[in-house]
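For reference, the structure discussed in these notes is given below.
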Amino acid sequence: MKITDAKVFVGGPGKNYVTLKILTDQGVYGLGDATLNNRETLPAAYLRDYLIPAIIGMDPRNSEDIWQFLYRGAYFRGGPIAMAAYGAIDMALWDIKGKIAGLPVHQLLGGRSRDGALVYAHAAGSDLEDLADSVAARIEEGYRAVRVQCGIPGMPGAGYAVPGTRGARHYITDFGGLRPSVEYWDSGRYLRYMPGALCELRDRFGPELKILHDVHHRLMPREAAAFARAVEPADLFWLEDPTPAEDQDALRLLRQHSTVPVAIGEVFQSLWQCNRLIKQELIDFIRVAVTYAGGITPVRRIVDLAGMHHVRTGFHGAPSHSPVSMAAQAHLNAWAPNFGIQEYLVLGTAECDALFPSDHRMEGGLFHVSDAPGLGVDFDEALAARYVYAPGSHPVVRLEDGTMWDY
Ligand code: KDG
Ligand code: MG
């Protein structure tokens, strides 16, 4: 069996999904997702200009060797652009492997360990009342776990991922062009306000709701430790990215002062970035994604390492992931013995469902993976021609005096 060609599509309904389709001499094809939010044309170019020409003629069944060829063969290893491109190839090869075996990918990994995978939705509000309405709406929709982000009184701009006005929706990507908008941050105001707000939500919604909160890398280690201690009465399911992830030793201070579960890793691109945090048991959930962590092949290794150290999975699932990588993660979630939770944002607009048909389904706050062979998701190329790439940007964050801060 041979890879004969591959095509890359950039675009989608309100998103620049980077979709890879690998074709073979036996008519079977595989799909992958290389979407790197707001940098989408780069993994697409890496695939088109370098990787696709190099893998044509290879046997797609040898996904391990092809992964090693891409990663070890590059000399300059890793980085989010390259890993997203490798990730897409790897997903597509697992898709092909499943289709020729007549088995869903989770069966190739070891089968189902659960009936449905717990997911969390996002709730956000310009203030606490607005946030509480948003949480109530998610519960009404059937979610059992909700990530909560809230505007901070007196903070110009709204903080991470919160709308500026009541009832509005917040979109992280601004398709107004490549010059980012600016949000303002004040750690003091956040530290004074947010622990009380989280405790108030716990009181209002009771003990059963799983509440998650994302600090988005914005606190110093000492502040993060104090914050983690202050939010303990809110009984969080997890506290995400309390500090910038580069300084991994910083997590030790938080650990010494609090037992709040910590989730980290959505920006990690390899096992090596996860290794120390997992082995030293400084985190409770690993947040990598199958796209920019390089595909199912390396993420499966991360999951196994995590399992040896009581660390559970909580894969990244921001709206920039297409239904292809969400399907790849769903298969890992169905299998992983140390599965924790999956971030899930409703991609299920009619346009998105038409572009990526599948019978994966969400019900009662659980994601039920399809038993169709391979990844169980398809791609309508004719429909894809309707969508064109639109440049977009994340906001940047500054302190009130103009100092750049962590987004
Ligand atoms: O592209 C950046 C987003 O993916 C990120 O801001 C989302 O933090 C995020 C999350 O937890 O989903
Ligand atoms: Mg996050």
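Just follow the structure's listing: the first ligand is 1, and inside any ligand the first atom is 1. Excluded from the calculations below are hydrogen atoms, water molecules and symmetry mates; all remaining heavy atoms, backbone and side chain alike, are included.
Distances below 4.0 Å separate heavy atoms of His316 from the following atoms of ligand 1: 4 (O), 7 (C), 9 (C), 10 (C), 12 (O). Within ligand 1, the atoms closer than 4.0 Å to a non-hydrogen atom of Asn37 are 1 (O), numbered from 1 in the order shown. Within the listing of ligand 1, atoms 8 (O), 9 (C), 10 (C), 11 (O) sit less than 4.0 angstrom from a heavy atom of Asp214.
Looking only at protein heavy atoms, the nearest one to atom 12 (O) of ligand 1 is Glu343 OE2, 2.5 Å. The protein heavy atom nearest to atom 2 (C) of ligand 1 is His394 NE2, 3.1 Å. The protein heavy atom nearest to atom 7 (C) of ligand 1 is Tyr160 OH, 3.2 Å.
In the model, Asp359 has a side-chain atom that pairs as donor or acceptor with a side-chain atom of Ser370 under 3.5 Å. Thr403 and Trp405 share no side-chain donor-acceptor pair at under 3.5 Å. When only modelled atom types and interatomic distance are considered, Asn38 and Ser393 share no side-chain donor-acceptor pair under 3.5 Å. Between the side chains of Ser322 and Lys15, not a single donor N or O lies within less than 3.5 Å of an accepting N or O. Tyr160 and Asp406 form no side-chain donor-acceptor contact under 3.5 Å, judged by distance and modelled atom types alone. When only modelled atom types and interatomic distance are considered, Tyr292 and His321 share a side-chain donor-acceptor pair under 3.5 Å. Side-chain contact check for Glu232 and Ser258: at least one donor-acceptor pair (N or O, by modelled atom type) lies under 3.5 Å.
For the pair Tyr120 and ligand 1, the shortest N or O to N or O distance does not fall below 3.5 Å. Below 3.5 Å of separation, one finds an N or O of Glu240 facing an N or O of ligand 1. Considering backbone and side-chain N/O atoms, His216 comes within less than 3.5 Å of an N/O atom of ligand 1. Considering backbone and side-chain N/O atoms, His122 never comes within less than 3.5 Å of an N/O atom of ligand 1.
Ile89 has its side chain within reach of Leu47: a pair of non-hydrogen atoms, C-beta onward, lies under 4.5 Å apart.
Excluding waters, the set of protein N, O or S atoms lying under 2.8 Å from the Mg ion (ligand 2) comprises Asp214 OD2, Glu240 OE2, Glu266 OE1.
With salt bridges taken as basic N to acidic carboxylate O contacts below 4.0 Å, none links Arg386 and Glu381. The pair Asp247-Arg252 does not count as a salt bridge, with every side-chain nitrogen at least 4.0 angstrom from each carboxylate oxygen.
Within the structure, every pair that satisfies the ring pair (Phe, Tyr, Trp, His ring centres under 6.0 Å) test and touches residues 217-246, not counting sequence neighbours, is listed here: Tyr120-Trp238, Tyr190-Phe227, Phe237-Phe285, Trp238-Phe285.
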